[in-house]
2 protein chains.
Amino acid sequence: MDQKDFLTNIAFDSVVFGFSGGALKILIMEYHNTGFFALPGGFVQRNENLNDAVRRGLKERTGLDNIYLEQFYTFGDTARYKPEIMQTILESGNYSLEKYEWLLDRFISVAYYALINYKEVVPQPDALSDSCEWYDIDALPPLIFDHADIVAKALQTLRDNLDRKLVGMNLLPARFTMNDLQKVYEAILGEKIRRTTFQRKMLSLEILKRHEKQYLGKAHKAPYLYSFED
Amino acid sequence: MDQKDFLTNIAFDSVVFGFSGGALKILIMEYHNTGFFALPGGFVQRNENLNDAVRRGLKERTGLDNIYLEQFYTFGDTARYKPEIMQTILESGNYSLEKYEWLLDRFISVAYYALINYKEVVPQPDALSDSCEWYDIDALPPLIFDHADIVAKALQTLRDNLDRKLVGMNLLPARFTMNDLQKVYEAILGEKIRRTTFQRKMLSLEILKRHEKQYLGKAHKAPYLYSFED
DNA sequence: TTATTATTGTCACAAAATGAGACAATGAAT
DNA sequence: ATTCATTGTCTCATTTTGTGACAATAATAA
């Protein structure tokens with residue numbers, strides 16, 4: 001983590017979406033002894049593609065390769081430059097302010113969102129943080145810098161992309177019911193969807209393969225399981 | 001233009017769209033004595049918002065304030081790092097390689113597109129360039145670095161945004177005919193649109209104000225002029 | 001065994017949006 | 001007055017979407 005290995009003034013932040021218990025969640029880190037919460041992020045190595053840097057960071061936090069990833073905005077206001085916060089984080093982690101002085105400089109941050117299958121992940125804190133945990137998108141702790149803005153814009157972009165990109169594929173397990181898929185859409189949009197219209201629309205896309213029924217011992221008709229495979 | 005005034009490793013590029021003669025055009029710069037063509041761009045001052053830096057750059061190139069601007073992607077592949085090209089540009093412009101050594105470093109570039117009224121602009125070259133001129137989007141010269149990719153992505157984003165944002169407003173003069181507006185849409189989409197459907201759709205949006213007719217001395221019915229004002 | 005209950009898959013119809021063409025109105029040239 | 005190209009609007013067909021109805025389950029209760 002030496003200055004000469006990394007590009008200066010440029011960072012990235014990731015909004016990692018997962019879906020569990022009917023709610024949309026994201027990963028948030030908490031720094032040692034500071035009460036500071038932040039998005040997972042990192043820096044770009046001098047010989048590394050920006051996109052690869054983000055994948056490297058996500059691999060460290062989630063253990064996953066091949067994550068669905070979209071870049072959505074680059075945040076570059078001067079108002080996001082608050083060196084005293086970074087200084088507190090470094091001091092609380094017992095890091096040398098001299099060696100890591102470059103972290104106190106201003107950073108422009110390229111923001112990405114990722115979609116992952118909640119159940120496949122065991123979130124890992126990094127050296128500076130106590131925890132890396134899921135938070136309900138409606139109940140986030142206060143975040144440092146402009147990270148609340150980043151989350152808001154990530155969610156807005158996800159909503160805008162909902163019709164154009166196959167969002168459900170990445171947030172659900174390989175097999176799921178139509179109702180599972182509908183709940184993902186409802187969590188992202190923040191509103192209820194009409195069941196029959198949703199079902200008709202999803203089936204008309206011809207991207208779902210129907211499998212066996214799912215018997216859960218409930219007192220009603222068992223739903224079919226679907227997958228996105230061909 | 002001293003290193004200490006600017007953030008390092010980060011730049012911006014602008015795809016400036018204009019509309020003239022029924023075709024979509026963008027601004028391209030040509031560097032002194034090099035045969036190199038590139039998008040207008042620049043660097044971010046240490047105390048300056050990223051968005052403001054882009055507006056500053058556009059003001060220098062076009063003379064305009066209050067330009068319609070959208071950030072659309074940040075390009076950060078290592079493959080775009082070609083210091084020999086920048087060195088040639090500096091040498092051809094008789095700039096000191098020592099003083100401007102920082103320009104030979106790797107840059108991650110935040111890309112924006114702008115929409116402007118073609119007739120309001122007299123493009124201005126900068127100190128390093130011979131010209132800053134309009135080129136038809138279908139007939140661009142070969143561009144340095146990954147600037148051709150940037151243009152392609154700008155155009156794709158513009159198409160995707162066509163229904164959601166008021167594109168025509170920014171590419172046309174204050175008053176225009178329905179046919180003018182349709183030609184803008186056709187130039188962006190790269191395909192013909194059905195006249196009656198387009199007219200019905202535009203009018204149903206209730207964002208157009210109808211004004212007097214435009215008599216051009218042609219042997220047919222004179223069209224109404226419209227504006228986006230309220 | 002036979003109701004009861006909640007949910008699912010599908011259909012039918014209404015409403016809205018879009019595609020496609022018809023046609024009269026118009027401004028100038030012949 | 002006639003012709004011509006273009007415009008504004010209308011109508012009808014087609015497609016998409018909104019809305020509810022309804023039969024088909026899979027377990028539970030009677």
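Order of the sequence lines fixes the chain letters, A, B, ..., with proteins taken first and strands second; residue numbering starts at 1 for each chain.
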### Summary
A/Leu216 atom CG is separated from C/dT8 atom P, nearest whole Å, by 10 Å

### Task
For nucleotides 9-16 of chain D, just jot down a letter per nucleotide in 5' to 3' order: B, S or -, based on protein non-hydrogen atoms under 4.0 Å.
B-B-----

### Query
Taking CG from B/Leu208 and C1' from D/dG8, how many angstroms apart are they, rounded to a whole number?
14 Å

### Message
Looking only at the aromatic ring of each residue, does the gap between the centers of A/Tyr224 and A/Phe176 stay below 6.0 angstrom?
### Response
no

### Task
Measure the distance from CG on A/Leu181 to P on C/dT8 and round it to the nearest whole Å.
13 Å

### Query
Do B/Phe198 and B/Met202 pass the side-chain contact (heavy atoms from CB on, under 4.5 Å) test, and can you show the C-alpha distance, the side-chain angles, and the key distance before you say yes or no?
CA-CA 6 Å; B/Phe198 180 77; B/Met202 286 299 124; 3.6 Å; yes

### Rounded distance (Å) that lies between atom P of D/dT3 and atom NE2 of B/His220
19 Å

### Task
Please name all residues satisfying side chain to side chain donor-acceptor pair (under 3.5 Å) with B/Asn170, sequence neighbours left out, ordered by chain then number.
none

### Query
Tell me: CD of B/Gln214 to C1' of C/dT26, nearest whole Å?
15 Å

### Task
Indicate, yes or no, whether a donor-acceptor pair under 3.5 Å links the base of D/dT7 to the side chain of B/Lys221.
yes

### Message
Does A/Asp65, at its CG atom, have more than 12 non-hydrogen atoms belonging to other residues, nucleotides or ligands within less than 6.0 Å?
### Response
yes

### Query
Taking NE2 from A/His211 and C1' from C/dT8, how many angstroms apart are they, rounded to a whole number?
18 Å

#### Entry: side-chain contact (heavy atoms from CB on, under 4.5 Å) between B/Phe19 and B/Lys25, intermediate numbers included
CA-CA 6 Å; B/Phe19 181 75; B/Lys25 294 170 184 292; over 6 Å; no

### Summary
B/Leu205 atom CG is separated from C/dA17 atom C1', nearest whole Å, by 13 Å

### Query
Run the ring-ring contact (aromatic ring centres under 6.0 Å, His included) check on A/Phe43 and A/Phe107 step by step: do they pass?
CA-CA 10 Å; A/Phe43 305 97; A/Phe107 283 91; 5.1 Å; yes

## Note on the structure
Taking for A/Tyr215 and for A/Arg194 the nucleotide of DNA chain D with the nearest heavy atom, the one nearer the 5' end belongs to A/Arg194

### Task
Please report, rounded to the nearest Å, how far the P atom of D/dT7 is from the CG atom of B/Leu225.
12 Å

### Query
Parallel under 30°, tilted from 30 to 60°, perpendicular over 60°: which one fits the rings of B/Phe72 and B/Tyr113?
tilted

### Message
Side-chain N or O of A/Lys213 versus OP1/OP2 of D/dA26: is the shortest distance under 4.0 Å?
### Response
yes

